[in-house]
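These values consider heavy atoms only, across backbone and side chains, with no hydrogens, waters or symmetry-generated copies.
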Amino acid sequence: DPTRFETTTVDEAPSKEHIHIGCVARLAQEKGIDLLIEAVANIPDVSLSIVGMGREKESLQRLIRKHNLSGSVTLEARKGNMGAYYKSCDIFVLPSRQHDPYGLVAAEAMMLGIPVIVTDACGIAMQLAHAQDALVAQKNSVSSLQDSISVLVNDVPYRQKVAQAGQQ
């Protein structure tokens, strides 16, 4: 139901010189959050916010510090208004490394017009047309995630086209 994501306040549009990448996932090995952190480490002018809880929190925080990403990568347990969170994202990524039955968070982001990257381990990937309504990256591949993110970061018209097609 899209109305559950309606926001009561209008958030200031993020600067397009700085891209906000979002992810909502349990902080567990199979969700591939570490791969996503590695993927954004060498992409300039992006921030990554990860919403989730789980047993990998400490190791992910160490990885963030290892890559000196404390200023651009955040881990948050919860968000009060998920609609506002999704709408703050320029790109949404679900980097699952093992079978993820569906990936509802990716569908929610798409419904709100956010361009999405999922891996081929996500069940939703079978319902998507790669490079048309979403980008489908190879599971367990930092370089595949990084390439997909870079394409959307560097090509604003294409990013908008993917977002519109995904929303449909």
Side-chain angles (χ1 to χ4, degrees), residues 11 14-110 112 114-125 128 130-131 134-155 159 162-163 166:
D11 292 275
S15 165
K16 291 305 157 192
E17 294 157 11
H18 185 85
I19 301 295
H20 175 217
I21 300 168
C23 178
V24 177
R26 189 170 19 88
L27 306 182
Q29 177 73 11
E30 65 271 13
K31 293 297 185 177
I33 304 302
D34 57 324
L35 302 173
L36 179 56
I37 293 168
E38 296 271 358
V40 301
N42 295 313
I43 301 175
D45 301 319
V46 300
S47 64
L48 169 62
S49 62
I50 302 155
V51 177
M53 298 184 297
R55 63 186 177 269
E56 296 293 319
K57 181 180 178 183
E58 296 299 322
S59 66
L60 293 172
Q61 289 174 326
R62 282 192 301 277
L63 185 62
I64 291 166
R65 287 190 300 272
K66 173 186 169 191
H67 289 290
N68 297 315
L69 295 172
S70 297
S72 59
V73 177
T74 59
L75 294 174
E76 300 177 63
R78 299 190 192 290
K79 280 284 187 192
N81 183 334
M82 286 304 295
Y85 172 73
Y86 282 124
K87 290 178 182 181
S88 76
C89 298
D90 297 297
I91 301 168
F92 186 86
V93 182
L94 187 58
S96 302
R97 66 166 17 110
Q98 294 176 6
H99 176 68
D100 193 339
Y102 185 68
L104 181 61
V105 294
E108 290 172 346
M110 291 173 74
L112 294 172
I114 310 304
V116 167
I117 300 167
V118 298
T119 66
D120 53 14
C122 298
I124 193 173
L128 302 173
H130 172 63
L135 274 68
V136 180
Q138 182 181 345
K139 68 182 176 187
N140 295 311
S141 173
V142 170
S143 63
S144 183
L145 282 170
Q146 188 173 37
D147 291 347
S148 295
I149 293 167
S150 293
V151 164
L152 292 181
V153 164
N154 294 319
D155 190 340
R159 185 168 72 230
V162 170

Next on the checklist: Between Glu56 and Ile33, does the side-chain contact (heavy atoms from CB on, under 4.5 Å) criterion hold? Intermediate values first, please.
Outcome noted: CA-CA 9 Å; Glu56 296 293 319; Ile33 304 302; over 6 Å; no
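- When all heavy atoms are compared, the tightest approach of Met110 to Ile124 is SD-CD1, 4.4 Å.
- Taking CG of Leu36 as the reference point, atom CG of Leu48 lies at 4.5 Å (rounded to 0.5 Å).
- Counting only N and O atoms by type, the side chains of His67 and Glu38 include a donor and acceptor under 3.5 Å apart.
- Looking at heavy atoms from C-beta onward, Leu27 lies in side-chain contact with Ile50 at the 4.5 angstrom threshold.
- The shortest heavy-atom contact between Leu145 and Pro95 is CD1-CB, 3.8 Å.
- To the nearest 0.5 Å, atom CG of residue Asp90 and atom OG of residue Ser47 are 8.0 Å apart.
- Listed here is the closest heavy atom pair of Gln98 and Ala121: O-CB, 3.4 Å.
- Put simply, the side chain of Tyr85 gets close to the backbone of Ser49: a donor and an acceptor are under 3.5 Å apart.
- Rounded to the nearest 0.5 angstrom, Thr74 OG1 and Gln61 CD are separated by 11.0 Å.
- Distance alone, capped at 3.5 Å, is enough to place a donor-acceptor pair between the Asp120 side chain and the Lys139 backbone.
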Next on the checklist: Using side-chain contact (heavy atoms from CB on, under 4.5 Å), reason through Arg159 and Ile19 one step at a time and then give a plain yes or no.
Outcome noted: CA-CA 11 Å; Arg159 185 168 72 230; Ile19 301 295; 3.5 Å; yes
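- In this structure, the separation between CE on Met82 and OG on Ser88 is 9.0 Å, given to the nearest 0.5 Å.
- With respect to Ile21, the side chain to side chain contact (heavy atoms under 4.5 Å, CB included) criterion is satisfied by exactly one of Val93, Val73, Leu152: Val93.
- Looking at residues two or more places apart in sequence or on another chain, you find no side chain to side chain donor-acceptor pair (under 3.5 Å) involving Arg65.
- For the pair Asn154 (side chain) and Ser150 (backbone), a donor-acceptor distance under 3.5 Å is present.
- The minimum heavy-atom distance linking Ile114 with Ala163 is given by the pair C-CB, 4.2 Å.
- Atom-to-atom distance recorded for Ile64:CD1 and Ile37:CD1 is 4.0 Å, nearest 0.5 angstrom.
- For the atom pair CE (Met53) and CZ (Arg78), the distance works out to 3.5 Å, reported to the nearest 0.5 Å.
- Closest of all the heavy-atom pairs between Val46 and Ile43 is CG2-O, 3.4 Å.
- Closest approach of Leu94 and Gly103 over heavy atoms only: CD2-CA, 3.6 Å.
- For Lys66, there are no salt bridge (Lys or Arg N to Asp or Glu O under 4.0 Å) partners two or more places apart in sequence or in a different chain.
- Contact check for Asp100 versus Lys31: side-chain heavy atoms found under the 4.5 Å cut-off.
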